[in-house]
Structure formats: C-alpha cells, structure tokens
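I have placed the structure first, in the form of structure tokens, so that the comments after it can refer back to it.
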Number of protein chains: 2
Amino acid sequence: MHSFTEENYLKIIYALSTRQNGEVTTNALAEMTATKAASVSDMLRKLADKQLIHYRKYQGVRLTEEGERQALRVIRRHRLWEVFLVEKLGFGWDQVHDIAEELEHIRSEELVSRLDIFLGSPKVDPHGDPIPTPAGTMPQIEYRKLSDVGVGEEVTIMGVLEHSPEFLQHLDRSGLTLGCAVKVSEISSFDKSVQVHLSAEKSLFVSCEVTRNLLVN
Amino acid sequence: MHSFTEENYLKIIYALSTRQNGEVTTNALAEMTATKAASVSDMLRKLADKQLIHYRKYQGVRLTEEGERQALRVIRRHRLWEVFLVEKLGFGWDQVHDIAEELEHIRSEELVSRLDIFLGSPKVDPHGDPIPTPAGTMPQIEYRKLSDVGVGEEVTIMGVLEHSPEFLQHLDRSGLTLGCAVKVSEISSFDKSVQVHLSAEKSLFVSCEVTRNLLVN
DNA sequence: TATTAAATTTAGACAAGCCTAAATTTTTTG
DNA sequence: CAAAAAATTTAGGCTTGTCTAAATTTAATA
C-alpha cells in the first residue's frame with residue numbers, strides 16, 4: 001500500500017490532469033501540495049519508481065493506469081466521507097473538505113464498502129462531484145455551466161466547479177443550493193450577469209463569476 | 001497539537017497505568033507500541049519536554065494532568081468511533097479496534113462533537129468501556145467480574161477485560177453478548193468453571209479464563 | 001555484598017518528506 | 001538564434017520516529 005503522502009500526490013495529479021489536460025507540471029503540484037518544487041521532484045521520482053506515474057524529467061507527469069486506479073480509490077473515499085459529514089453529521093458543504101482530507105486516508109476496504117452501503121450508495125458528493133466506482137473508474141456526468149444556459153430555459157443546479165468555502169457560502173446566502181430549480185429570465189449584455197428565478201416570488205442577479213462555476217442540467 | 005505518534009504513546013501510557021497502577025516501564029511501552037526500548041526512551045524524553053509526562057530516568061513514567069487530559073481525548077475519539085462502526089456500519093465488536101485506531105487521530109473538535117450527538121451521546125463503547133467526557137475525565141463504572149459472582153445470583157453482562165478478537169469471537173459463539181442476563185447456577189470446585197443460564201432453556205459452562213474477563217452488574 | 005543479569009539509556013544511523021541553494025534544462029524574448 | 005528568464009532537478013541538510021550496538025543503571029542472586 002502507499003503512504004498518506006503518496007496518496008495525496010496521486011489524488012492531486014489526477015485532479016490537475018483532468019482540469020488542464022495533458023501533462024501535469026512540477027510547479028503546479030508544488031502549489032497544490034503546499035510544498036516546494038524540489039520536494040515534488042523527489043516524490044515524482046519515487047512515484048515513477050513505483051510505476052504509478054509516467055515521468056520524463058522536465059516534461060511533466062501523467063498517471064499510469066495503476067496510478068489512476070489508486071487515485072480514484074482515494075477520491076472515492078474522500079467523497080463518500082463528505083456525504084457522511086453532510087448527510088449524517090449535518091456539516092455544511094463548505095466545511096467538509098479538510099476533514100474528508102484526513103478521513104480519505106483510512107485504509108480499510110471493509111470500512112469503505114460498509115460506509116457506501118450505510119449512505120445508500122450515493123452517486124455524487126455534496127458538491128455534485130461524481131463518486132468513483134469501487135472498481136476505480138470515474139463516472140462521467142455531462143453538465144452545462146449556468147453561464148451557457150439561454151434566456152427562458154429552466155434548469156436544476158447539479159454541481160459546482162469552484163469548491164472554496166467562500167464561494168459555497170456565497171451560494172448559501174444566495175439560496176443557490178444543489179437540486180434547486182432556476183429559470184433564466186435575463187442575461188445582461190453589459191457584464192454577462194444573469195437574472196434567475198428560484199420560485200414564483202424569488203429572483204436574483206447572479207454574477208458571471210458565479211454562473212461560470214455553477215453546473216446545471 | 002501533538003503528533004499521531006505522541007497521541008498513541010499517551011493513550012498507551014494511560015492504559016498501562018490504570019492496568020498495573022504506579023509507574024509505567026519502558027519495556028511495557030516498547031511491547032505495546034511494537035517498537036524497541038531505545039525508541040521508547042527517545043519518545044519519553046520528548047513527551048517529558050512537552051510536560052505531558054513525569055519522567056525520571058530508569059524509574060518509569062506517569063502522565064501529568066495535561067498528559068492525562070490529552071490521552072482521554074484520544075480515548076474518547078477511539079471509543080466514539082467504535083460505537084459508530086458497530087451501531088451504524090454493522091461491524092462486529094471484534095472487528096473495530098484497528099479501524100478506530102486510525103480514526104481516533106482525526107483532529108477536529110467539531111467532528112467529535114457532531115459524531116457524539118449523532119450517536120446519541122453513548123456512555124460506553126461496544127465493549128462496555130466508558131467513554132471519557134468532552135472535558136477529559138474518565139467516568140468510573142463499578143463492575144464485578146463474573147468470576148466473583150456467587151451461585152444463584154442473576155447479573156447482566158456489561159463489559160470485557162480482554163479485547164482480543166479471539167476472546168470476543170468466543171463470546172459471540174457462546175451467546176455471551178453485552179446486555180445479556182445470566183444466572184449462575186453452579187461453580188465447579190475443581191476448575192472454577194461456572195455454569196450459567198442465559199434463558200429458561202439455554203445454559204452453558206464458562207471457563208474461569210472467561211469468567212475472569214467478563215464484567216457484570 | 002560482590003557479581004551477574006535485566007532494564008534502560010545513549011550513540012550513531014537510516015528512511016520518509018521536507019527545505020534552501022546551486023546546477024541544469026527548457027522556454028521566452030530581444 | 002543567442003541571451004535572459006523560468007522551470008525543474010540535484011546536492012546537501014533537517015526533523016520525526018525508528019533501529020542496532022554499546023554503555024549505564026538498577027535489580028537479582030550467589
């Protein structure tokens with residue numbers, strides 16, 4: 001099995017490689033892991049030795065099949081724990097990331113499998129992100145950004161692209177929660193902000209910074 | 001805050017100092033931590049520097065007030081997680097120790113407090129051991145050993161002194177679970193084994209190795 | 001009580017992960 | 001396309017927690 005730290009690197013390499021596809025750079029990893037590039041280089045050599053990444057010096061890095069499977073196992077655990085924290089313990093969706101970051105490294109197949117059943121085998125986490133399968137594959141869900149929805153369309157909020165507590169709290173204060181139906185009534189040609197109706201009475205303007213980070217279908 | 005390893009030492013020092021009261025020896029700690037005496041010596045110096053233990057070289061070790069409070073915080077987390085694993089995830093009481101051993105080091109006051117509420121603020125863990133208070137004190141519960149119960153008395157099984165999976169599984173197979181009422185009908189003068197009645201129809205002989213490790217009231 | 005045995009501590013080393021500073025490679029730009 | 005800038009890697013070190021071997025202290029015994 002792999003160390004706590006190795007698991008973190010795999011998870012982060014996975015996240016970065018889907019975000020900006022192609023090879024992941026050392027500097028990007030240094031920023032995400034809150035370490036220095038030199039430390040990342042050390043770890044990359046180690047992960048390459050273990051056949052978890054494809055690594056050509058100076059050329060960036062990519063997960064091997066096995067590396068991706070391992071990364072998805074960690075992400076599965078992370079997201080299941082987030083569901084637990086929100087659904088069972090009543091945490092807000094803006095509070096769970098750091099705690100799940102620790103829980104995800106608890107190594108027990110049995111624990112994960114029982115937790116999954118206890119939670120009713122959820123398909124997405126509290127931010128709408130899909131939960132990888134036990135086999136280690138990431139379900140692909142097609143969503144549009146709210147910023148791509150046209151006037152008159154009615155859609156349901158299904159997820160977020162930005163996970164910072166600040167953004168999530170902003171959504172809470174705006175009443176824009178997951179599962180919430182919104183109808184686009186106007187798009188400002190000036191700043192691309194969007195007027196949405198949440199219900200018969202309630203409507204609000206949503207800035208384009210927000211609409212670009214809201215996933216709907 | 002203290003490291004994963006330091007927390008483990010505190011927890012184990014607490015356990016050993018209640019078991020055989022007085023100072024805890026280096027060798028006993030080495031056995032419990034599955035390390036060597038030399039490693040324990042190193043750690044004791046560190047814990048003493050942090051004022052978590054009273055330590056006189058060659059003389060054994062004892063927790064300070066602060067050390068005991070920290071130890072009890074870890075034990076509280078451990079036992080709450082054990083309740084979760086058994087009550088919510090359906091693990092057997094013989095399966096939860098190692099997993100709780102990892103979960104106990106997750107550091108979030110909020111998490112522990114919400115978990116406690118979610119579980120209904122249990123007073124004991126699945127083995128009948130009391131759960132320390134949030135303030136860091138250990139509730140004292142007075143139990144007798146089944147081996148000290150006289151013929152004719154009816155008592156309820158409340159806990160175990162031995163926590164090995166083997167022992168717990170043996171109890172499962174015998175039908176001796178927590179909360180179970182047993183009536184002592186005979187004590188063998190030969191080997192001190194005890195005949196107990198679980199219900200009208202069911203009775204069995206319990207060896208003295210078992211009765212000495214069963215707590216009742 | 002002197003001496004051996006057991007327990008404990010110290011000394012010196014090692015692996016994991018991190019760091020800074022220096023060297024190297026790649027990319028950008030004048 | 002050569003020089004400067006940026007990105008990356010290497011070299012050498014540090015900390016935590018571990019180890020073995022040797023030294024020291026305490027306990028046991030003849």
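Note on naming: letters A, B, ... go to the chains in the order of the sequence lines (proteins, then strands), and numbering restarts at 1 for each one.
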Worksheet item: According to a strict under-4.0 Å criterion, is Y55(B) in side-chain N/O contact with OP1 or OP2 of dT8(C)?
Response: no
Here the distance between atom P of dT26(C) and atom CZ of R56(A), to the nearest Å, is 10 Å
Notebook entry, point to check: Think R45(B) forms a cation-pi with Y55(B), using NZ or CZ under 6.0 Å from the six-ring centre and within 45 degrees of its axis?
Noted result: no
**Item:** Phosphate contact (dA6(D) OP1 or OP2) by N27(A) side-chain N/O below 4.0 Å
**Value:** no
Rounded to whole Å, CZ of R45(B) lies from C1' of dT18(D) at a distance of 14 Å
Among the nucleotides dT8(C), dT10(C), dT18(D), whichever has the atom closest to the side chain of M43(B) is dT18(D)
Rounded to whole Å, the NE2-P distance (H2(B) to dT15(D)) equals 19 Å
message = Is T26(A) close enough to dT9(D) that one of its side-chain N or O atoms is under 4.0 Å from OP1 or OP2 there?
response = yes
Query raised in the report: OP1, OP2 of dT20(C) versus side-chain N and O of K36(A): anything below 4.0 Å?
Result: yes
Whole-Å distance, Q59(B) CD to dT25(D) C1', equals 9 Å
Of the listed dT9(D), dC19(C), dT25(D), the closest approach to the A37(A) side chain comes from dT9(D)
Using a 4.0 Å heavy-atom cut-off across all strands, classify Y9(A) as base, sugar-phosphate, or nothing.
sugar-phosphate
For L63(A) and A71(A) the tightest heavy-atom approach is CD1-CB, 4.1 Å
Rounded to whole Å, the CG-C1' distance (L29(A) to dC18(C)) equals 15 Å
Assert: residue with more 5' nearest nucleotide on DNA chain C, out of A34(A) and S41(B), is S41(B)
- prompt: What nucleic acid atoms does T35(A) come within less than 4.0 Å of, heavy atoms only: base, sugar-phosphate, or nothing?
  reply: sugar-phosphate
Heavy atoms of D116(B) and P122(B) approach each other most closely as OD1-CD, 3.8 Å
Taking the six-membered ring for Trp and the single ring otherwise, decide whether the centroids of F84(A) and F84(B) are under 6.0 Å apart. yes
In whole angstroms, the gap separating C1' of dT8(C) from OH of Y58(B) amounts to 5 Å
Sorted by position of nearest nucleotide on DNA chain C, 5' first, the leading residue of S3(A) and L44(B) is L44(B)
Winner on side-chain proximity to D42(B), out of dC19(C), dT18(D), dT20(D), is dT18(D)
Atom CG of N8(B) and atom C1' of dT16(D) are separated, to the nearest Å, by 14 Å
**Pair E162(B) + R212(B), salt bridge at N-O below 4.0 Å** = no
To the nearest angstrom, the CZ-P distance between F4(B) and dT18(D) comes to 10 Å
### Task
May I ask you to verify if any side-chain N or O of S39(B) is less than 4.0 angstrom from the OP1 or OP2 atom of dT18(D)?
no
